[in-house]
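To start, the structure under review is shown below, and the notes come after it.
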Amino acid sequence: MTKAVLALNAGSSSLKFALFRIDPTDTPASPSHRIASGEVEGIDTHPHFRAKDAGGRVLVDESWDAHAGAADPHHGPMATLMDWIGGHLGGLELMGVGHRVVHGGPDFIRPVRITPKVLADLAALTPFAPLHQPGSLAPARALLAQRPDLPQVACFDTAFHHTMPAVAQAQALPRSYADKGVRRYGFHGLSYEYIASCLRERAPHLATSRCIVAHIGSGASLCAMREGHSIDTTMGFSVLDGLMMGTRCGHLDPGVILYMLKEEGLGAAEIETILYHRSGLLGVSGLSNDMRDLHARAAHDPAVTAALDLFVYRFVQEAGMMAASLQGLDGLVFTAGIGENDAIIRAAICGRLAWLGVRLDEAANAANNEIISTSDSRVEVRVIPTDEETTIRRHVMMCLA
């Protein structure tokens, strides 16, 4: 019988989803058949539910008021989504639901079937990702209550990086912190796993060599891959580390945090807000975290120009670190929102990476071609759209096989 898999990617106030048809002969490696995708935004205030079919036709677009005082604001939207999916499946049977879970800690290094015990273990990791883990788990908890017989699978953003050598995972802190799980984990793993699979299919010469994959969107990181495995990444213990991002600071001297604490008298919550929500492109530009807004104002606003320059500068710095971990570089892949769509930023980055042997084909870059390097470039540069939901689909099929 033809079945379906639902992939969920939840945030604190939003829930993205994709629904896939699974034909009887399909394997996890088979091409995906996306039936519908969409998002519920404003979960805790004014939920707005939108969905489109594979051709982009709008299937639903509706809003409602959140239930005041609800213990779990995800409960109502999840029920609405599941009811809609049930009516949209037709003759398909929903075989399982996969969830993007931000943090798997040191123990969850592969997809796992969700049980009450697994949920409790993952909730215990909340101190490692306090702003992201609760939102990751809320839809799974709601579904476990509403549809306890429906198989659910947790798919971890940290798991892809478990192949990093011990020295790349270590923090230079007293050993007691490592015993508590404080180490470099890395994130965006579902995206990196998808790109690794694309390279195996489209560019096996890169899949088996030294490659930096740049996932640059609102959140951003780099992954140093050798033979398709992560050996280093720019995000470490938290999603604050590494590259400058939309509203996050990226790599920061810990002394700045001590200054905020001791000299400005800020509390942990205030510092958390600054580092996660008021820094990055938004903080430096004083205008926006959206690259489109910044490009439009760059010629007239020195602060915006400074933000864009710093974004590129920090990218190139971190790319140099990844190249050092790889002991050379054969390929560079751009992905995610900025990486896939912003030819200006790609050109600026590639220009500053000429010392590594990067040569950009300006016309190919402007046209958003997949290969945007010249034929004589020592480093092959590609643009490959990511698809974390397809990775989740594969994980569900593997777990429920």
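Start at 1 with the first residue, then count along the sequence.
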### Message
Test of understanding: with side-chain contact (heavy atoms from CB on, under 4.5 Å), list the residues that count as partners of Arg175, not counting sequence neighbours.
### Response
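Partners of Arg175 by the side-chain contact (heavy atoms from CB on, under 4.5 Å) criterion come out as none, since no residue qualifies.
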
Would you say the side-chain atoms of [X] pair up with the backbone N or O of [Y], donor to acceptor, closer than 3.5 Å?
X      : Y      : answer
Ser373 : Glu380 : no
Ser230 : Met225 : no
Arg393 : Val5   : no
Asn368 : Glu340 : yes

### Message
Can you classify the ring geometry of Tyr192 versus His161 as parallel (below 30°), tilted (30 to 60°) or perpendicular (above 60°)?
### Response
perpendicular

Check this for me: does any side-chain nitrogen of one of [X] and [Y] sit under 4.0 Å from a carboxylate oxygen of the other?
X      : Y      : answer
Asp387 : Arg34  : yes
Asp342 : Arg346 : no
Arg50  : Asp61  : no
Arg394 : Glu193 : no

### Summary
The side chain to side chain donor-acceptor pair (under 3.5 Å) partner of Gln152 among Arg113, Arg147, Arg141, His99 is His99

### Message
Using the side chain to side chain contact (heavy atoms under 4.5 Å, CB included) definition, which of the options Ile109, Val102, Leu190, Val112 pairs with Phe156?
### Response
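Only one of Ile109, Val102, Leu190, Val112 forms a side chain to side chain contact (heavy atoms under 4.5 Å, CB included) with Phe156, namely Val112.
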
### Residue of the set Pro111, Pro151, Cys155 for which side chain to side chain contact (heavy atoms under 4.5 Å, CB included) holds with Cys399
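Only one of Pro111, Pro151, Cys155 forms a side chain to side chain contact (heavy atoms under 4.5 Å, CB included) with Cys399, namely Pro111.
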
### Task
Determine which pairs satisfy side-chain hydrogen bond (donor to acceptor under 3.5 Å, both in side chains) with at least one residue from residues 243-272, sequence neighbours left out, and list them in order.
none

### Query
At their closest point, which heavy atom of Arg184 faces which heavy atom of Met235, and how far apart are they?
NH2-O, 3.5 Å

### Task
Output the distance between atom OG (Ser375) and atom CZ (Arg359), rounded to the nearest 0.5 Å.
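Spacing of OG (Ser375) from CZ (Arg359) equals 12.0 Å.
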
